[in-house]
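Heads up, the thing below is written out as structure tokens.
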There are 2 protein chains.
Amino acid sequence: MRISELSRRSGVATATIKYYLREGLLPPGRATAATQAEYGESHVRRLRLIRALIGVRGLSVSAAKDVLDAVSEYATDTHELLGLVFGVWPASGPAKDEDADDSEVGALLAQMGWKVSEHNPARDVITQTLQTLRSLGMDYDWHSLVPYAQLAEKTATLDLDQLEGPDDPLEKAERAVLLTFLLEPALLALRRLAQEAESTVRYRS
Amino acid sequence: MRISELSRRSGVATATIKYYLREGLLPPGRATAATQAEYGESHVRRLRLIRALIGVRGLSVSAAKDVLDAVSEYATDTHELLGLVFGVWPASGPAKDEDADDSEVGALLAQMGWKVSEHNPARDVITQTLQTLRSLGMDYDWHSLVPYAQLAEKTATLDLDQLEGPDDPLEKAERAVLLTFLLEPALLALRRLAQEAESTVRYRS
DNA sequence: CTATATTAGACAGTGCAGCTGCCCAATAGC
DNA sequence: GCTATTGGGCAGCTGCACTGTCTAATATAG
């Protein structure tokens, strides 16, 4: 199919498709002539994935590119893929503060018995959150996060269970990315729904 | 204190402080003369809160304003406050699709026994996520979310337990906002840490 | 085989968000 | 009185994610 049909099938404007091609998010079609290229089903699917990462999850274009590159490069090594993909955060991400004291996170990891890479940016996110909460006068340290960490552990178990299905490595890699990224807004939404329900029980009973 | 000291104490540039004043995120100081105003500790604290919502959580300036307005207006009614504050999502938020079929979310809520307002935007986030996952070929419906919802319920219980402390309504309101918004990136970070730890156990043992 | 439409590719331009710099008149403090 | 700082307003800047336009080459209908 040509670009106009690709546009119709995916719901993405042709100018935008060209932009994604330029930015390397979408692989080029098979050129059949100087001004003609042929696109396939994989392009439709890839475009939908791009729109999901950017539109639903809110990743920047360059963050989405990092994710997609990791998928195609490490499709066969789920563990390595997840490690790479964890480096991607929406927007600027955590403003990596070299002087930050992340020993608190270390204590939390030790308590939970989690073995985690030194430079997983999630460490910095937690360090920064704890610091911010304290700077706002809350009495909060890593101990307060332990119950949340236990729930996160169960969540992660659910996540990885769902990767057991597919044998095709590329499919498995895509599913890992979808479950990690696209589920994030949904998990936060579930928390808010549960908060409202619980708030009704406590304050409106 | 005057604006330059407020800038020094909060780490926010004076031009930016003026911008927040214009946008109504920060209440004006007490004017002592035509070109002089007096700021207090509450301004330092408020500025830190603004930076946390925008910089750490990634809210837009106008979304942060909505949150802050809700805090000062409904400080005495925690339930009402939470309801208002749930309307705030980072960036564009869910692209409210009127035609979307949210009966799936209804089924999920019924199953969980959650009573939730009709127009909580979290509903749309979940509807959209499910639709997107299916459009990408995953076999996913509300049943798949039930285990996550059960964990979200426990999370919400932890959250609301931490509101039991303060008697001062304003303090309670602020804490509700901090726990809901600032903890969101941290919870996602915990999930990613747990995913990496679990992935190590499963694929590198 | 001509006339009209479409396309790939390059690049400039647009719209918006979040600041940032600059100017001015009015103090503050010495 | 004199110099430095301030409040307030507004224009301008930067980065991002597109979007529109142009050109030459090609497809396709008549």
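In this structure, Arg204(A) pairs ionically with Asp77(B), as a charged nitrogen and a carboxylate oxygen lie closer than 4.0 Å. A salt bridge links Asp161(B) with Arg202(A): the closest approach of a Lys/Arg side-chain nitrogen to an acidic carboxylate oxygen falls below 4.0 angstrom.
Within 4.0 Å of Ile54(B), counting heavy atoms only, lie sugar-phosphate atoms of the nucleic acid but no base atom. Using a 4.0 Å heavy-atom criterion, one finds that Arg30(B) contacts no nucleic acid atom at all. Using a 4.0 Å heavy-atom criterion, one finds that Ser4(A) contacts the sugar-phosphate atoms exclusively. Looking at heavy-atom distances under 4.0 Å, Ala33(B) makes contact with sugar-phosphate atoms alone, never a base.
Following rounding to the nearest Å, Glu23(B) (CD) and dG8(D) (P) show an atom-to-atom distance of 15 Å. As rounded to whole Å, 14 Å separates atom C1' of dC13(D) from atom OH of Tyr19(B). Distance, Ile17(B) CD1 to dG9(D) P: 16 Å, rounded to whole Å. Between Met1(A) atom CE and dT7(C) atom P there is a gap of 13 Å when expressed in whole angstrom units. If you measure from atom CD of Gln36(B) to atom P of dG7(D), you get 6 Å, rounded to the nearest angstrom. Atom C1' of nucleotide dT27(C) and atom CD of Glu38(B) are separated by 14 Å, given to the nearest angstrom. The CG-P distance, from Leu21(A) to dA17(D), rounds to 17 Å in whole Å. Counting to the nearest Å, the P atom of dA17(C) and the CG atom of Leu59(B) are 15 Å from each other.
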Candidate pair Val116(B) and Val105(B), rule side chain to side chain contact (heavy atoms under 4.5 Å, CB included), full reasoning: CA-CA 11 Å; Val116(B) 166; Val105(B) 178; over 6 Å; no
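Judged by distance alone, the side chains of Arg46(A) and Tyr39(A) never bring a donor and an acceptor atom under 3.5 Å apart.
For dC18(D), the OP1/OP2 oxygens have a side-chain nitrogen or oxygen of Tyr20(A) closer than 4.0 Å. Within the structure, every side-chain polar atom (N or O) of Arg22(A) is placed at least 4.0 Å from both OP1 and OP2 of dA17(D).
Along DNA chain C, the nucleotide nearest to Thr35(A) and the one nearest to Lys18(B) differ in position, and the one closer to the 5' end is contacted by Thr35(A).
In this structure, of dT7(C), dA17(D), dG18(C), it is dT7(C) that holds the atom nearest to the side chain of Arg2(A). Ranking dT28(D), dT27(C), dG29(C) by closeness to the Ala34(B) side chain, first place goes to dT27(C).
Phe181(B) carries Arg192(A) over the face of its six-membered ring, with the cationic atom under 6.0 Å from the centre and within 45° of the normal.
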